[in-house]
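First comes the structure, then the notes that go with it.
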Amino acid sequence: MNFEDELTRGNFTIPECTSCKKIIWPPSEFCDVCYNETCLKSGQFSGKIIEYSKQNDEYFCVVEFLDTFRLIAKMKEKPENGQIVKILKCGILNGTYFFQII
Amino acid sequence: MNKVGIVGYGNTAFTKEDQKIESILHNCTNQLFKTNSEINKNLIDAVLVSTNNNSKYLSAILSEMVGIQPKIAHSIESLCNSGTNSIVSAFSYISSGLADIVLVSGAERYDSPGQILEWDNSRGEFKHPIFWASIFSKSYKQKFNISEEDLAIVSVKNHKQAQKNPNALSKKTYSVEDVLNSKKLTEDLRLLDCSRPCSGGASILLASEEMSKKITDEPIWISGIGQKTTSAGFTKNESLFSMTSTKHAGESALKMANKNISQVDVAEIHDAFSVCEPMALEALGFSKTGEGMNLIKKLHETNNFKINPRGGLIGCGHPLGATGVSQTIEIVKQLQQSADNRQLKDPEVGLVHNMSAAATSSTVLVLEK
């Protein structure tokens, strides 16, 4: 299964090169360094909040994972920069990725 | 490298009107030919169209509509800096000797698909530009102890300057209080902090040195070009309070022109949102890091139009494919002393800064008499 198949099932995975072990983000089937195939790492990955703002009652946060890549995720509670978080929910809705952290 | 000059231009007003993309392109190009009757359009070697519109084959369509059969005709899309990318392509065609005269026409509709980069899934459900702008604003304010009131001055200044530009979308001036009381889009962004999508077109004609001198007595030369793309995705920006691509592009352009930033008399800066103006001024070296707002306040208080004389994107509106071309036209007008009641005193060197997608890509041009 590829990253999007897993995401559709609500699973957050991280693509890693099968050869040089580089984390590849945005998700891709191939490594951008050695051009070999990637595989998906599963797990409860921790992320760090880099910055955030708020719209209506929801916060949207730039979150960094594995000191390597960042994405924007929503959060219900007030975040703090540097706070360690985990993915609570994720998926694809009407073709758009979504990530929620806690 | 062969010299390349700008020898003619045409603009439409930027509006919220529902116009066909082909009509906008035709209007601005027609304006160019109407006001530059000495131009023999049969000598145009290339027609480049700058747009994010989904319509196809627009350069061939435009060529047919204005009665040209160019050797080279194609469209160029690079989100918000499509315009200056097209000018760089035109420059390259001419400086390489592939073309002597190139027409660049940029156009966009108010509902441009280029406003949202669908590919950038790292933004999750927060793909609209207001979200990256909010993150930049929050980060910049926090890093440099800048208040919401401070940032509002960018919008106040640029709407004020736009009142002297008859083609600008903005027809009103605003106070700091107006900006702060405008609709709250996010905790860190108000409606009046934003440039607005609109319909509009801008055309420019570039020529080789020999042809430039035949066409006009006052060509404006493109003496410096710098470009840098650091990524496509917003979250690849390492810093959220500075513009890396702009810094690199600015340094390259000034080096090519053999100029330093203190020699630049007038500049068009890509103020897609209020926070972009101080960030860009700092990246280009107009001010020290964290001091961009001091410069903006000083310019505003002294009514000095050096930065964004036509009103910037906030005052003019932002028809993506036309913006970079329109910015360039403004610098040409300023250097030719034909910018009417927004004319600066005797500028010799001008700069254009045009960027895309949260400053992941920037183009900087240096223009001289």
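Throughout, protein chains are lettered first and strands after them, A, B, ... in sequence-line order, and every chain is numbered starting at 1. Bear in mind that the values here come from a model prediction, so they are computed numbers and not experimental data.
Heavy atoms closer than 4.5 Å to chain B are found in the side chain of A:Asn81, but not in its backbone. With a 4.5 Å cut-off on non-hydrogen atoms, B:Leu240 touches chain A through its side chain but not through its backbone. Neither the backbone nor the side chain of A:Phe69 comes within contact range of chain B; no heavy atoms are under 4.5 Å apart. For a residue to count as touching a neighbouring chain, one of its non-hydrogen atoms must lie under 4.5 Å from one of that chain's; by this rule B:Trp132 does not touch chain A.
Heavy atoms of other residues, nucleotides or ligands lying less than 6.0 angstrom from CD of A:Glu29 number 12 at most. Taking a 6.0 Å sphere around CD of A:Glu58, one finds it holds more than 12 heavy atoms contributed by other residues, nucleotides or ligands. Atom NZ of B:Lys127 has more than 12 heavy atoms from other residues, nucleotides or ligands within 6.0 Å. Counted within 6.0 Å of CG on A:Leu66, heavy atoms from surrounding residues, nucleotides or ligands total more than 12; the atom is thus considered enclosed. Counting heavy atoms of neighbouring residues, nucleotides and ligands inside a 6.0 Å radius, atom NZ of B:Lys16 exceeds 12 of them. For OH of B:Tyr57, the number of neighbouring non-hydrogen atoms (other residues, nucleotides, ligands) closer than 6.0 Å is 12 at most. Other residues, nucleotides and ligands contribute only 12 or fewer heavy atoms inside 6.0 Å of the CG atom of B:Asn145. A:Lys48 NZ: 12 or fewer foreign heavy atoms inside a 6.0 Å radius.
Of all heavy-atom pairs spanning A:Ser53 and B:Thr186, the tightest one is OG-OG1, 4.0 Å. Smallest separation of non-hydrogen atoms from A:Arg70 and B:Asn237: NH1-O, 3.2 Å. The minimum heavy-atom distance between B:Phe234 and A:Val62, with the atom names listed, is CE2-CG2, 4.2 Å.
Within the model, atoms CD of B:Glu238 and CD of A:Glu64 stand 9.0 Å from one another, a figure rounded to the nearest 0.5 Å. The structure places CZ of A:Phe60 at 11.0 Å from CD of B:Glu125, a figure rounded to the nearest 0.5 Å. Annotation: the span from B:Lys143 atom NZ to A:Glu51 atom CD amounts to 11.5 Å, rounded to 0.5 Å. Atom CG in B:Leu189 sits 10.0 Å away from atom CD in A:Gln55 (nearest 0.5 Å). Here B:Asn121 contributes atom CG and A:Ile92 contributes atom CD1; the two are 7.5 Å apart, rounded to the nearest 0.5 Å. If you take CD on B:Glu118 and OG1 on A:Thr96, they are separated by 6.0 Å, rounding to the nearest 0.5 Å.
Contact check for B:Lys236 versus A:Pro26: side-chain heavy atoms found under the 4.5 Å cut-off. Using a 4.5 Å heavy-atom threshold, the side chains of A:Lys74 and B:Phe126 count as touching.
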